[in-house]
Amino acid sequence: MQEVAGGEAGALCAELIRIDTTNEGQGEGRPERPAAEHVAALLDEVGVEPVVVESAPGRASVLARIPGTDPDAPAFLVHGHLDVVPADPADWSVPPLSGEVRDGCVWGRGAVDMKGSVAMTLAAVRARLRAGRRTRGDLVLAFLADEECTGDYGSRYVTREHREFFDGCTEAISESGGYSVTTGPDTRVYPIAVGERGTAWMRLTARGTAGHGSRPAPDNAVAELCHAISRLASHEWPVRLTPGVRALLDGLADALGTTIDHDRLDEEARRLGRVGTLFAGTIRNSANPTRLDAGYKVNVVPGSATAQVDGRFLPGLGEEFLATVDRLLGPRVTREFVNFEQAPSADPQGPTFAALAGALRAEDAAARPVPYVMSGGTDAKSFAAIGIRSFGFAPLLLDPSLDYQAMFHGVDERVPLAGLEFGTRVLDRFLDTR
């Protein structure tokens with residue numbers, strides 16, 4: 001059964017890639033409805049009764065609740081997203097929406113982020129239901145729109161308007177964890193996400209006196225904003241070790257048989273290579289300027305100037321982060337949130353983490369699962385707001401030559417067929433524990 005499911009995952013991944021669900025942000029892009037209907041049909045084939053819900057025309061998500069064998073057992077959520085970021089065909093070796101199979105991989109936008117993971121979930125669930133195998137508690141599935149922007153049309157919408165689907169759920173799994181990082185001939189580290197940094201996307205505004213560009217302009221909004229942005233961009237954020245990152249460092253030290261100097265973590269991250277990337281982006285807060293906008297003519301001093309900043313903060317450090325931003329901006333630059341979400345976390349010591357780790361070890365004797373904190377963000381934030389803790393777990397066994405992190409939003413995104421087969425088996429084992 002598991003071999004058939006694993007093979008199906010590759011075919012489903014290619015099918016999903018060929019459905020254009022490009023999300024350009026701010027409500028623009030291709031609607032997720034065709035992909036949602038495709039997923040719903042796949043579930044319907046095996047007796048599930050999915051519901052396709054729309055937050056706006058074409059912005060569709062799929063929700064399903066599969067009854068378990070024990071009405072008193074807790075429900076469990078598996079969530080993923082159907083949208084993808086844009087891809088420029090001129091940069092790619094293959095058309096990014098082709099779903100082409102080449103060199104043992106499925107190629108295309110979304111192969112990793114995250115149509116491959118959706119395909120593994122669908123393959124595992126379809127095979128289990130064909131065989132009459134159900135989880136003890138209800139299994140809740142959510143395949144969502146708009147994760148690649150704010151989630152307003154996806155996870156935020158369904159948790160607000162369709163809350164009943166998630167009754168009884170306290171834990172979940174989703175993307176960005178459970179993949180292998182080879183560290184030796186007999187050792188592979190598998191990071192399982194137990195949290196992620198919070199999101200603070202901000203619009204900054206400086207106001208001054210408009211005037212002719214040839215005259216003195218001591219109250220120049222553009223200059224004021226540039227000075228503030230320079231202070232923010234050059235700020236050296238201090239290292240702050242949260243419990244999740246400490247657990248990762250301890251797990252890595254044990255798996256690698258080495259010591260990691262907590263007083264020199266930037267240097268240690270470089271020394272450890274790909275393993276070091278697991279903590280390099282999560283040992284401090286960050287604020288990266290990403291957009292600037294001011295004026296309309298070269299000889300006119302504008303009365304205002306704006307910028308946008310991608311801010312990220314570690315669990316428990318939101319207030320410290322914002323206080324630092326305000327100090328660096330100074331009194332003449334105001335900020336407002338484009339998007340703000342708290343940093344979610346899950347328990348690295350609990351039974352669910354142990355079950356996830358056990359499923360990996362059962363399929364790979366060299367597996368060394370470790371907890372980690374994601375530097376970016378996922379739909380887990382929306383589910384955390386209604387009391388559901390998510391673990392990042394989209395298991396893949398990868399060839400050491402494949403730079404998995406570079407696949408996210410990158411050129412020539414691809415996922416190994418063998419990795420999808422492995423991941424489907426791991427998910428099936430894990431679902432046996434629910």
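Heads up: numbering here begins at 1 and tracks the sequence. Source: prediction; values computed, not measured.
A salt bridge links Arg133 with Asp428: the distance from a Lys NZ or Arg NE/NH1/NH2 to an Asp or Glu carboxylate oxygen falls below 4.0 Å. Using a cutoff of 4.0 Å between basic side-chain nitrogens and carboxylate oxygens, Glu341 and Arg156 are scored as salt-bridged. For Asp326 and Arg335, the salt-bridge test passes: some basic side-chain N is under 4.0 Å from an acidic carboxylate O. A salt bridge does not link Asp152 with Arg160: none of the charged nitrogens is closer than 4.0 Å to a carboxylate oxygen. Salt-bridge check for Glu320 with Arg240: passed, with a basic side-chain N closer than 4.0 Å to an acidic carboxylate O. Between Arg128 and Asp432 a salt bridge is recorded (basic side-chain N to carboxylate O distance below 4.0 Å). Using a 4.0 Å cut-off between charged side-chain N and carboxylate O, Asp167 and Arg65 make no salt bridge. The pair Asp293-Arg203 does not meet the salt-bridge criterion, since no charged nitrogen lies less than 4.0 angstrom from a carboxylate oxygen.
Contact check for Phe165 versus Leu141: no side-chain heavy atoms found under the 4.5 Å cut-off. Counting heavy atoms from C-beta on, the side chains of Val309 and Leu204 come closer than 4.5 Å. Side-chain contact between Leu144 and Glu147: absent, with no pair of heavy atoms (C-beta onward) separated by less than 4.5 Å. Side-chain contact between Phe391 and Leu356 is present, with heavy atoms from C-beta onward closer than 4.5 Å. Side chains of Phe422 and Leu417 form no contact here, defined as non-hydrogen atoms less than 4.5 Å apart. Between Thr199 and Lys381 the shortest side-chain heavy-atom distance falls below 4.5 Å. Considering only heavy atoms from C-beta on, Val85 stays 4.5 Å or farther from Asn23 through its side chain. Taking the side chain as every heavy atom from C-beta outward, Thr258 and Arg271 approach each other to under 4.5 Å.
The backbone N or O of Leu77 lies less than 3.5 Å from no partner atom in the side chain of Glu171, so there is not a single donor-acceptor pair. For the pair Ser234 (side chain) and Ser230 (backbone), a donor-acceptor distance under 3.5 Å is present. Side-chain atoms of Lys115 come within 3.5 Å of backbone N or O of Leu16 as a donor-acceptor pair. When atom types are taken as modelled, the side chain of Thr424 and the backbone of Leu420 share a donor-acceptor pair closer than 3.5 angstrom. Checked by atom type and distance alone, the side chain of Arg134 pairs as donor or acceptor with a backbone atom of Pro67 at under 3.5 Å. Within the 3.5 Å criterion, the main-chain N or O of Gly198 finds no donor-acceptor partner in the side chain of Arg312. No donor-acceptor pair closer than 3.5 Å links the side chain of Thr182 to the backbone N or O of Gly184. Between the side chain of Arg126 and the backbone N or O of Leu42, at least one donor-acceptor pair lies under 3.5 Å. For the pair Asp364 (side chain) and Ala366 (backbone), a donor-acceptor distance under 3.5 Å is present. Between the side chain of Ser180 and the main chain of Leu398, a donor-acceptor pair closer than 3.5 Å is present.
Within 6.0 Å of CZ on Arg291 lie no more than 12 heavy atoms contributed by other residues, nucleotides or ligands. Environment of NE2 in His235: crowded, with over 12 heavy atoms of neighbouring residues, nucleotides or ligands closer than 6.0 Å. Arg30 CZ: 12 or fewer foreign heavy atoms inside a 6.0 Å radius. Crowding of Glu319 atom CD: a count of heavy atoms from other residues, nucleotides or ligands under 6.0 Å not exceeding 12.
Pairing each heavy atom of Leu82 with each of Ala60, the nearest pair is CD1-O, 4.4 Å. In terms of heavy atoms, Tyr153 sits closest to Asp146 at N-OD2, 3.1 Å. Ile19 approaches Ala35 most closely through the heavy-atom pair CG2-N, 3.7 Å. Counting all heavy atoms, side chain and backbone alike, Glu421 lies closest to Gly7 at CG-N, 3.9 Å. Closest of all the heavy-atom pairs between Met374 and Ser176 is SD-CB, 3.1 Å. Between Cys13 and Ala119, the shortest heavy-atom contact is N-CB, 3.5 Å.
Going from atom CG of Asp83 over to atom CD of Glu24 covers 11.5 Å, rounded to the nearest 0.5 Å. With rounding to the nearest 0.5 angstrom, the CZ atom of Arg18 is 13.5 Å from the CG atom of Asp20. Expressed to the nearest 0.5 Å, how far OG1 of Thr205 lies from CG of Leu225 amounts to 8.0 Å. Remark: Tyr372 OH to Ile192 CD1 distance equals 10.5 Å, nearest 0.5 Å. Atom-to-atom distance recorded for Glu32:CD and Ser61:OG is 7.0 Å, nearest 0.5 angstrom. One finds the NE2 atom of His409 at 4.0 Å from the CG atom of Asp113 (value rounded to the nearest 0.5 Å).
Taking the ring centroids of His81 and Phe143, they lie at or beyond the 6.0 Å cut-off.
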*Can Met407 and Val415 be said to form a side-chain contact (heavy atoms from CB on, under 4.5 Å), step by step?*
CA-CA 9 Å; Met407 296 295 100; Val415 63; over 6 Å; no
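If you run side-chain contact (heavy atoms from CB on, under 4.5 Å) between Val78 and each of Val140, Leu427, Leu139, Val125, only Leu139 comes through.
Inspection of the Glu196 and Ser375 side chains reveals no N or O donor paired with an N or O acceptor under 3.5 Å. Side chains of Arg197 and Ser286: a donor-acceptor N/O pair is present below 3.5 angstrom, by distance only. Using a 3.5 Å distance cut-off with no hydrogens or angles, the side chains of His79 and Ser155 do not pair a donor with an acceptor. In summary, the side chains of Glu175 and Ser117 do not present any donor paired with an acceptor at a separation below 3.5 Å, with no hydrogens or angles considered. There is no side-chain donor-acceptor pair under 3.5 Å between Glu268 and His262. Side chains of Asp412 and Ser93: a donor-acceptor N/O pair is present below 3.5 angstrom, by distance only.
Annotation: cation-pi geometry not satisfied between Arg284 and Trp237 (NZ/CZ under 6.0 angstrom from ring centroid, within 45° of ring axis). In this structure, Arg434 is positioned above the aromatic face of Phe76, its NZ or CZ under 6.0 Å from the six-membered ring centre and within 45° of the axis.
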